[in-house]
**Student:** 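Before anything else, here's the structure in question.
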2 protein chains.
Amino acid sequence: MGRWEPNTRERLATAALELYGERGYEQTTVAEIARRAGLTERTFFRHYADKREVLFDGAGTLQELFVNAVAEAPESAAPIDAAAAGLEAVATVFTGRREHARQRHAVIAANAELLERELIKLASLSAAVADALRRRGVAEPAASLTAEAGVAVFKVGFELWIAASEERELSQSMRESLDELRAVIASGGTDGPTPRPRRRSSGRTPGGTSAGF
Amino acid sequence: MGRWEPNTRERLATAALELYGERGYEQTTVAEIARRAGLTERTFFRHYADKREVLFDGAGTLQELFVNAVAEAPESAAPIDAAAAGLEAVATVFTGRREHARQRHAVIAANAELLERELIKLASLSAAVADALRRRGVAEPAASLTAEAGVAVFKVGFELWIAASEERELSQSMRESLDELRAVIASGGTDGPTPRPRRRSSGRTPGGTSAGF
DNA sequence: ATGTTGATGGCAGTCACTGACATCAATAGT
DNA sequence: ACTATTGATGTCAGTGACTGCCATCAACAT
């Protein structure tokens, strides 16, 4: 048995998610997180760069998964299909973690600083995917645009999944999101009369990720 | 004549951009910005919510422009074409401000906190555009995806413009970006052999907006 | 002449975050 | 078994972003 309780980082991350959920992000001090984890404030900052980062431990793994899937897609695959392979790969790691994802998503959506951090993680993901596409020989700006589109599909697909019923699988929502993007991009751009948009049927207003700026 | 020098907010914004450029964002204190503007730190925070916000005064106007153009696009226009109208509208306000845009962009790209703030402004823009599209009768998730695509085209188009020669107009870069997105989305998704990506010709590596996370 | 308003200054305080140094169990090396 | 090293943690002092509260004072209205 070690000198200290094990799983320090995980204990901090759990305590933080709990406290952010209970009292809100701003109303929680780092000292409180550390105390709940049985540690001191100074130790918190040795494990996480700042008060926000504690919620984004998995971002690196996610990015790695996405990038590897893009890199390993068949050489014959078009850029957007390589990105789609990345989405499929990423979707698998969320199976069975729906409740955790919901809770974390709610906490992040409730605070602008956390939202900012999430957005820069997604921007980092996009940049990494664009890089992987360039290594596949995709030119600019096609690589960046494909990556941005892929991440947009991820964002929207993720929110569809979170809002959906329990049986729904993330990969399904990702495919639905990608198909919608294809339809929406293909429908415009003609010079003659353009097809009218589909009228909405449900009264739902899902809203974006932004908390209202 | 008033009791104090006029254009307080503008003086603060100018001083901040200068100092962030000269010594870097982190190495600049709010007290220094205020002093250069002939004010005190306390007054800075009466005009700007935080140290980052001082660089984003125009974000509201930009969003308004974009949203209005989307709302006022012909009813017959497809969602993506309404978004394209927003891009055109936004492009006009940057004419003649290229150097300022370059300087500001360089400062933001050099610091993660500023980048985060820019990203949340773009997310807010995306949410507002999605809302405008919904008011046009576009259903979800098509509205959110169109808005995300539009903002992605804006981001990439903007960087193309900044990297391009002096004569280049922003609206040109926006159209180029949108055309590339259309091409990239249309090229994939088939079941049979997919078209091979265009190989890159230039050695340039434009990179994304992210500063390397 | 006087009261009100609005932008500013001054000041004390909280909290995120950092650098420097101390502690001490585990482990390696002898 | 003894000792040196290591590594995660604790302690403490300090900086700077940001806030609340109150004072100031020219402009303006009455």
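The structure presented is a predicted model; accordingly, all values stated were derived computationally and were not measured.
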**Student:** Is the shortest side-chain N to carboxylate O distance from B:R135 to B:D131 below 4.0 Å?
**Tutor:**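 Between B:D131 and B:R135 there is a salt bridge, with a charged N closer than 4.0 Å to a carboxylate O.
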**Student:** Starting from the 5' end of DNA chain C, give me the residue, A:R46 or A:E26, whose nearest nucleotide shows up first.
**Tutor:**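 It is A:E26 whose nearest nucleotide is closer to the 5' end.
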**Student:** Considering only D:dC18, C:dG10, C:dC17, which nucleotide approaches the side chain of B:E41 most closely?
**Tutor:**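 Closest nucleotide among those given: D:dC18.
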**Student:** Are any of the side-chain nitrogens in A:E53 or A:K121 under 4.0 Å away from the carboxylate oxygens of its partner?
**Tutor:**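 The answer is yes: the pair qualifies as a salt bridge.
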**Student:** Taking the minimum atom-to-atom distance to the side chain of B:T29, which one of D:dG16, D:dT9, C:dT18 wins?
**Tutor:**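 Of the candidates, D:dG16 comes closest.
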**Student:** Rounding to a whole Å, what distance do you find between B:E53:CD and D:dC18:P?
**Tutor:**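 Distance check: B:E53 CD to D:dC18 P gives 10 Å.
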**Student:** What is the distance, to the nearest angstrom, from the OH atom on A:Y48 to the C1' atom on D:dA8?
**Tutor:**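 It works out to 15 Å between those atoms.
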**Student:** Taking NZ from B:K51 and P from D:dT19, how many angstroms apart are they, rounded to a whole number?
**Tutor:**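 Spelled out: NZ on B:K51 to P on D:dT19 is 14 Å.
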**Student:** Among C:dC17, C:dT8, C:dG19, which is the nearest nucleotide to the side chain of A:R42?
**Tutor:**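 Selected nucleotide: C:dG19.
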**Student:** So does B:T8 get a side-chain nitrogen or oxygen closer than 4.0 Å to the phosphate oxygens (OP1/OP2) of C:dA7?
**Tutor:**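 For B:T8, the contact criterion (side-chain N or O under 4.0 Å from OP1 or OP2 of C:dA7) is not met.
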**Student:** Of the listed nucleotides (D:dG10, C:dT8, C:dC17), which one gets closest to any side-chain atom of A:T43?
**Tutor:**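 So the nucleotide nearest the side chain must be D:dG10.
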**Student:** Return the nearest nucleotide to the side chain of A:T40; candidates are C:dA16, C:dG9, D:dG10.
**Tutor:**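 Closest of the options to the side chain of A:T40: D:dG10.
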**Student:** Measure CG/A:L19 against C1'/C:dC15 and give the value in whole Å, please.
**Tutor:**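 Rounded to whole Å, this separation is 16 Å.
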**Student:** Rounded to whole Å, how long is the line connecting atom CZ of B:F45 with atom C1' of C:dG9?
**Tutor:**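 Atom CZ in B:F45 sits about 15 Å away from atom C1' in C:dG9.
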**Student:** Would you mind reading off the distance between A:N7 atom CG and D:dA8 atom C1', rounded to a whole angstrom?
**Tutor:**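 Result: 14 Å.
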**Student:** Has B:R104 got its NZ or CZ under 6.0 Å from the middle of the six-membered ring of B:F56, at an angle within 45 degrees of the ring axis?
**Tutor:**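 Cation-pi check for B:R104 and B:F56: passes.
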**Student:** Is there a donor-acceptor pair closer than 3.5 Å between any side-chain N or O of B:Q103 and the backbone N or O of B:H100?
**Tutor:**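 Not a single qualifying donor-acceptor pair exists.
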**Student:** Can you check the B:R35 CZ to C:dT8 P distance for me, whole Å?
**Tutor:**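 Atom-to-atom, B:R35 to C:dT8, this comes out as 18 Å.
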**Student:** Select base, sugar-phosphate, or nothing to describe what A:R9 touches, counting heavy atoms under 4.0 Å on all strands.
**Tutor:**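 Nothing, no nucleic acid heavy atom in range.
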**Student:** Counting only side-chain nitrogens and oxygens, does B:R52 get under 4.0 Å of the OP1 or OP2 atom of D:dC18?
**Tutor:**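 Affirmative; the distance criterion is met.
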**Student:** Within the structure, does a side-chain N or O atom of B:H47 lie under 4.0 Å from either OP1 or OP2 of C:dT8?
**Tutor:**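 Indeed, a polar side-chain atom of B:H47 lies that close.
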**Student:** Let me know the distance between CG of B:D50 and P of C:dC15, rounded to the nearest Å.
**Tutor:**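 Rounded to whole Å, this separation is 19 Å.
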**Student:** Using a 6.0 Å distance limit plus a 45 degree cone around the ring axis, check whether B:R35 lies over the aromatic ring of B:F44.
**Tutor:**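 No, B:R35 does not sit over the ring of B:F44.
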